[in-house]
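Written below as structure tokens is the structure these notes are about.
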Amino acid sequence: IFFRPAMALQLPAEVWGRIAGFVQSDSLSHVCRSLADCLGRRYLKGRCTSKAGANTLMPLITRHRASLRVLELTFAEDVTTHDIDVQPLAALKDAASLRTVTLGLRSHSIAAGGARALAALGHAPALRTLTLNLFSNSVGDSGAETLAALKDSHSLCTLAIDLGANSVGDHGAEALAALKDAPSLQTLSISLAANSTVGPRGARALAALKEAPSLHTLKIDLGRNAVGDSGAQGLAALQDAPALHTLALSLGYNSVGDIGARALAGLRSAPSLHTLTLDLWWNAIGPSGAQALAALKDAPSLHTLTLDCESGAVGVSGAQSLATLKDAPSLHSLTINLRRNSIGDVGAQALAALKHAPSLRTLALNLEFNLISDNGAEALAALTDAVSL
């Protein structure tokens, strides 16, 4: 009854605006002409699956940019790559009320020119959250450099950019490191996975993000590149980030060995870090690398730890070393992937000691393909006896 057209005239526009903001929907604009004129088109969300849809959406977006608050669009991969023209999105830089933009443009060949149009979003005066999925778009180093201009946004608090499989190398990574200068940025996710050519130089450059004045959450995905031990050593400098409390580094398939693992273990010195994810799958860190990573137990504030060491040649002694994580004073959530590491029964029996961790409440172990017999399985079953788990 309350939402009959006549009732729309009994509340001020500000109240209707707050109601629309609460439900995050334009449904109220369809109640009557008065509310349509009052609220405009504030929330555009959907999935575009055809050329016709794309051609309809772009003019709609620009037409309603004055009232637009949230834009969340995904363009299906089966839409022909040349059907998507992102240039009109640059007009959103003048959208005074736009706060959140999420664009899924995976595999659409927007190239450096499209990246330039998207970088203009940084000028939207109220934009706080921007998510760009640009995986496999031929963006290249020049496109990455263009997107780094988002550092000039004074309002942006959360930024996620996926530039995987875009022929981005060290030069592009160095350009993106300039995001450290974004004054309000608190949460940043950068994916340069599957580019093959990001090496130690690019990894070291990205470590400069430790200088970001407001950054507290950082995710960097460099999986399937050429980072190596030297690049891992460079990224370990993130331990000096004063406000960083959540960090995820994905370095799978990067020729990182025990030297790199030892350097990354230095993250235990990060003053504010409480959540850490290290993806080191398909890197031969070996037993000594696992032993080094076990030193993360000494991180004073760490309460959530995820280690992916799949196919890392960890072996029995490496598993025994990782079992010492039971001594971490604050750790309450632990995930370890040791798939394909030949830890055998002895390694499994060692890991069963994690039941003695004083604060641990959640434990996940992946021990597939490790030649564990019934003896090892029986030892692991004792984890159910843990008081805290």
Side-chain angles (χ1 to χ4, degrees), residues 100-104 106 128-135 139 144 147-148 150-151 153 156-166 168 172-182 184-195 198 202-225 227 231-232 234-254 256 260 263-264 266-268 270 272-281 283 293 296 299 301-310 333 335 337:
T100 301
V101 175
T102 300
L103 295 174
R106 184 183 175 101
R128 294 178 58 84
T129 301
L130 176 60
T131 302
L132 300 174
N133 183 349
L134 304 180
F135 185 90
V139 166
L147 288 167
L150 290 166
K151 68 181 176 62
S153 170
L156 199 60
C157 296
T158 300
L159 174 62
I161 306 178
D162 187 344
L163 291 175
N166 267 287
V168 176
E174 289 172 329
L176 291 168
L179 290 168
K180 66 182 174 62
D181 298 322
S184 302
L185 197 61
Q186 298 174 1
T187 300
L188 174 62
S189 175
I190 298 175
S191 175
L192 297 176
N195 277 295
V198 179
R204 286 193 296 269
L206 289 171
L209 291 167
K210 67 183 181 181
E211 301 168 15
S214 304
L215 194 67
H216 60 63
T217 301
L218 176 62
K219 178 180 180 180
I220 300 176
D221 187 350
L222 294 173
R224 296 187 180 277
N225 275 286
V227 168
L235 287 167
L238 289 167
Q239 66 187 276
D240 298 324
L244 196 65
H245 63 60
T246 301
L247 174 63
L249 295 178
S250 183
L251 301 176
Y253 210 82
N254 263 285
V256 175
L264 292 170
L267 291 167
R268 66 185 182 276
S272 304
L273 194 65
H274 63 60
T275 301
L276 175 63
T277 298
L278 292 178
D279 287 342
L280 297 171
W281 46 269
N283 285 294
L293 292 173
L296 291 167
S301 303
L302 192 66
H303 62 61
T304 301
L305 175 62
T306 300
L307 295 176
D308 188 343
C309 302
E310 178 175 350
S333 181
T335 299
N337 181 6

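Here the structure is a predicted model, which is why all the values come from computation and not from measurement.
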- Message: Would you compute the distance between atom CG of L280 and atom CG of D308 and round it to the nearest 0.5 angstrom?
- Response: 7.5 Å

- Task: Determine whether more than 12 heavy atoms belonging to other residues, nucleotides or ligands lie under 6.0 Å from atom CZ of R106.
- Result: yes

- Message: Atom CZ of residue position F135 - does it have more than 12 heavy atoms of other residues, nucleotides or ligands inside 6.0 Å?
- Response: yes

- Do S184 side-chain atoms and L156 backbone N/O form a donor-acceptor pair below 3.5 Å? no

- Examine distances only and state if a side-chain atom of D279 and a backbone atom of D221 form a donor-acceptor pair shorter than 3.5 Å. no

Would you check if [X] and [Y] make a side-chain contact, meaning some heavy-atom pair closer than 4.5 Å?
X    : Y    : answer
L293 : C309 : yes
N254 : N283 : yes
H274 : T246 : yes
H216 : L244 : no

- Message: Set out, in order, the CA-CA distance, both residues' side-chain angles and the distance that settles side-chain contact (heavy atoms from CB on, under 4.5 Å) for L179 and L150, then state yes or no.
- Response: CA-CA 7 Å; L179 290 168; L150 290 166; 4.2 Å; yes

- Task: Any chance you could lay out the side-chain contact (heavy atoms from CB on, under 4.5 Å) test for T217 and H245, step after step, and finish with the verdict?
- Result: CA-CA 6 Å; T217 301; H245 63 60; 3.6 Å; yes

- Closest heavy-atom pair and its distance - P213, K180: CD-O, 3.3 Å

- Note on the structure: Exactly one of V227, L218, L192 clears side-chain contact (heavy atoms from CB on, under 4.5 Å) with L206, and that residue is L192

